[in-house]
Amino acid sequence: MKKLMILAMVIMACMPLCATAFRLGVSVEPTWLFVVPPTSIVDVDPYHATSMSGEYVSAGRMDMNYMIKGSGYFGNNERFGIDFAVGLLFNERTWRELDMQNAPASRYDAFPESGPLGTGGGSFRLGFGYCQRLTSIMDLGLAFGEYMYLQGGLSPKGEDGFDAALYMGSGLYGSVSLDFTLVEHLGLSAGIVANAGLGFEVMAVEDLVISSVFLEVLAAPFVSVQYVF
């Protein structure tokens, strides 16, 4: 993730020098993540040397994604280019329903979910962009590429310490937006981005270490205020 963040910074620094049309701004994205069922999970209890398995009935998260978002287009027609975004991710709400085969559901009531301390992390997108001029002040923007995120969190449990959770995901994204140039250098974009890929989570809950790999689908509307040059 650190290397990807550095790559994003290099792209942001270099693109204004070579792109013939460039937009850079801040974006707010409320993001809904859904686990695609059925999803197998494997739970390992290191203290009692037992293992259990089950499936998610329903699971997902609602996050707020605050991003630096940009796009640059090249050539005389300024239609094809690069789309990128890098930002901070904060969990607002988590839900999960489990159908356990070999363990009572009460063993899993301690899942940290968002917890009083919440979960936070980073996100990154990089892909190809396409711009189609619709009017003198409005363009249609399309993008397709790869996304990644990393999230972690702690939930205090009194004198015994903390429950911990780590979430990771990677896959492909696509977005569509309407990009407005309101005045000479002020732009506004509104649209939606959808991601689909592979997610991974590890949780330490009391005396359990719980891990799972799953397919995930993410959807996020966004609004971005941009500097256009």
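Remember, it's a predicted structure, so these values are computed and weren't measured experimentally.
- Taking OH of Y149 as the start and OG1 of T31 as the end, the distance is 10.5 Å to the nearest 0.5 Å.
- A donor-acceptor contact under 3.5 angstrom links the side chains of Y130 and Q132, judged on distance only.
- Both I192 and L142 belong to a single network of hydrophobic side chains, linked directly or stepwise wherever heavy atoms of I, L, V, M, F, W or Y lie under 4.5 Å apart.
- Among residue pairs with one or both ends in residues 214-229, none qualify as salt bridge (Lys or Arg N to Asp or Glu O under 4.0 Å); sequence neighbours excluded.
- Contact annotation: the side chain of V228 never approaches that of L186 to less than 4.5 Å [non-hydrogen atoms, C-beta and beyond].
- By the 4.5 Å heavy-atom criterion applied to side chains, V193 and E29 are counted as neighbours.
- Atoms CD1 and OG, from I68 and S27 in turn, are 11.0 Å apart once rounded to the nearest 0.5 Å.
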Expected list for residues 217-226: side-chain donor-acceptor pairs under 3.5 angstrom, two or more places apart:
from: S224; atom 1: OG; to: V26; atom 2: O; distance (Å): 3.1
from: S224; atom 1: OG; to: Q226; atom 2: NE2; distance (Å): 3.4
from: Q226; atom 1: OE1; to: R23; atom 2: NE; distance (Å): 2.6
from: Q226; atom 1: OE1; to: R23; atom 2: NH2; distance (Å): 3.1
from: Q226; atom 1: OE1; to: S189; atom 2: OG; distance (Å): 3.0
from: Q226; atom 1: NE2; to: S189; atom 2: OG; distance (Å): 3.4

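- Residues L24 and F84 are in side-chain contact: their nearest non-hydrogen atoms beyond the backbone lie under 4.5 Å apart.
- The minimum heavy-atom distance between N195 and Y147, with the atom names listed, is CB-CE2, 3.3 Å.
- The local environment of CE in M64 is crowded, with over 12 non-hydrogen atoms from other residues, nucleotides or ligands closer than 6.0 Å.
- For the pair M67 and S123, the minimum side-chain heavy-atom distance is below 4.5 Å.
- L178 and L188 fall within a single hydrophobic cluster, where Ile, Leu, Val, Met, Phe, Trp and Tyr are joined by side-chain heavy atoms under 4.5 Å apart, directly or via other members.
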For residues 134-141, tabulate all N or O donor-acceptor pairs below 3.5 Å that involve a side-chain atom, not counting sequence neighbours.
from: T135; atom 1: OG1; to: I137; atom 2: N; distance (Å): 3.3
from: T135; atom 1: OG1; to: M138; atom 2: N; distance (Å): 3.1
from: D139; atom 1: OD1; to: R133; atom 2: NE; distance (Å): 2.5

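- Neither L198 nor L172 shares a network with the other; the hydrophobic side chains, linked directly or stepwise wherever heavy atoms of I, L, V, M, F, W or Y lie under 4.5 Å apart, form separate groups for each.
- F229 has its side chain within reach of H185: a pair of non-hydrogen atoms, C-beta onward, lies under 4.5 Å apart.
- Under the 6.0 Å distance and 45° angle rule, R125 counts as a cation-pi partner of Y173.
- The minimum heavy-atom distance between S177 and D179, with the atom names listed, is OG-OD1, 3.0 Å.
- Side-chain contact between L150 and Y167: absent, with no pair of heavy atoms (C-beta onward) separated by less than 4.5 Å.
- Using a cutoff of 4.0 Å between basic side-chain nitrogens and carboxylate oxygens, E201 and R61 are not scored as salt-bridged.
- Under the 4.5 Å side-chain heavy-atom criterion for grouping Ile, Leu, Val, Met, Phe, Trp and Tyr, F128 is not connected to Y73 through any hydrophobic cluster.
- Side-chain heavy atoms closer than 4.5 Å link hydrophobic residues (I, L, V, M, F, W, Y) into clusters, and following such links, possibly through other members, connects W32 to Y66.
- Within 6.0 Å of OH on Y227 lie more than 12 heavy atoms contributed by other residues, nucleotides or ligands.
- Counting only heavy atoms from C-beta outward, the side chains of I82 and F74 approach each other to under 4.5 Å.
- In this structure the side chain of L88 reaches within 4.5 angstrom of the side chain of F90, judged on heavy atoms.
- When every heavy atom of E146 is checked against every heavy atom of S170, the shortest pair comes out as OE2-OG, 3.4 Å.
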